[in-house]
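First comes the structure, then the notes that go with it.
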Amino acid sequence: MSDVIHVQHPLVDHSLTILRDRNTGTSDFRMHAGIVSQILIVEATRHLRTRTRAIQTPLAAFEGTELDHKIVVVPVLRAGLAMLMTVQELLPDVGVGFVGLERDEETAEAREYYQKLPPITPKHQVLVLDPMLATGGSLDETVTILNQRDPGEIMLVSIVSAPEGIQRIQSRYPDVTIITAAIDECLNDQMFIVPGLGDFGDRYFGT
Ligand code: PRP
Ligand code: URA
C-alpha cells in the first residue's frame, strides 16, 4: 500500500486555517498556499540522495555534500502552478513538466487538455503537485500518464486530501507516496472536500 505522509507542523496548521477561511482574500490565500507548499516540499525532498563534495572554505578544506538526484516536477494545471514557484526556489535547476486536467462540473471526471513533459527515465524521481486530492481522478490520470514514461519514483504532493482520493491512489498505485498537509473528513455530493477550502484554483487565481 502506498505511504501517506501527513505533515503536521504549527506553521502548516496556521496557514491552512487561513486558506480554509472563506473570508481570506486572494493575496493572503496566495501567500499561505506558498508557505504550506514550501513545508511540504521540504518534507518531500527529505530523503534525496546526496554525494560528498570537497570544497575549500576561506579558512580550511571541507567535505560537504551536494544533491545526487534527478528530479522532475509536474504541476497539474492549473491549481498545481500555485506550488511550482516554491519548488523552483528550493530546486532551481529542476525539470518541469505539465499535465492539464479539468474536472467536469457535473460528473467530477478529470479531462486532459494539455501535456508537455521533459525526458523521464527510471533514474528520475517525479514530484507531482496538486493542492487538492478529492476523488483522486486527476492524480490517478496523472500517474497513468507518468507511468508510460517509466519513472523511478512518484510522489504526490497535495495540500488537502480526502480519504476517498487517498484510498483510490493507494489501491491503484501501491508504490506511489502521498504527502499532504491535511486529511479531511469526506467529499460532498458535488465531490468537493469537506471541510476543505472550496475551489482552490478559483481562490488562488481570483476567478
Ligand atoms: C481541482 C484540483 C485538482 C482536482 C482534484 O482542479 O486542482 O486538480 O480538482 O479533484 P479530483 O481529485 O476529484 O480529481 P480543477 O479540475 O477544478 O481544475 P483547476 O485546477 O483548473 O481549477
Ligand atoms: N477541487 C477543489 O479545488 N476543491 C475541492 O474541494 C475538490 C476539488
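What you see below is based on every heavy atom in this structure, not just the backbone, and it leaves out hydrogens, waters and symmetry mates. Both ligands and their constituent atoms are indexed starting at 1 by order of listing. Note that the numbering runs from 1 along the sequence shown for the chain.
When non-hydrogen atoms are compared, ligand 1 lies under 4.0 Å from the backbone of Ser138 as well as from its side chain. Heavy atoms of Asp130 found under 4.0 angstrom from ligand 1 belong exclusively to the side chain.
Of the protein's heavy atoms, Arg103 N, 4.1 Å lies nearest to atom 15 (P) of ligand 1. Scanning all protein heavy atoms for the shortest distance to atom 22 (O) of ligand 1 gives Arg78 NH2, 3.0 Å.
With sequence neighbours excluded, the residues satisfying salt bridge (charged side-chain N to carboxylate O under 4.0 Å, His left out) with Glu66 are Arg51, Arg53.
A salt bridge links Asp202 to Arg78: one of the charged nitrogens lies within less than 4.0 Å of a carboxylate oxygen.
Every N/O-N/O distance between Ala108 and ligand 1 stays at or above 3.5 Å. Some N or O of Ala79 is nearer than 3.5 Å to an N or O of ligand 1, by distance alone. Residue Leu133 has no N or O atom closer than 3.5 Å to an N or O atom of ligand 1. In terms of polar-atom proximity, Glu102 is not counted as a contact of ligand 1, lacking any N or O under 3.5 Å from an N or O of the ligand.
Using a 4.0 Å threshold on non-hydrogen atoms, atom 4 (C) of ligand 1 counts as touching the protein. Within a 4.0 Å radius of atom 19 (P) of ligand 1, the protein contributes one or more non-hydrogen atoms.
Judged by the 6.0 Å distance and 45° axis criteria, Arg103 is positioned over the aromatic ring of Phe192.
Sorted by chain then number, the residues whose non-hydrogen atoms approach ligand 2 to under 4.0 Å are Arg103, Met132, Ala134, Met191, Phe192, Ile193, Gly198, Asp199, Phe200.
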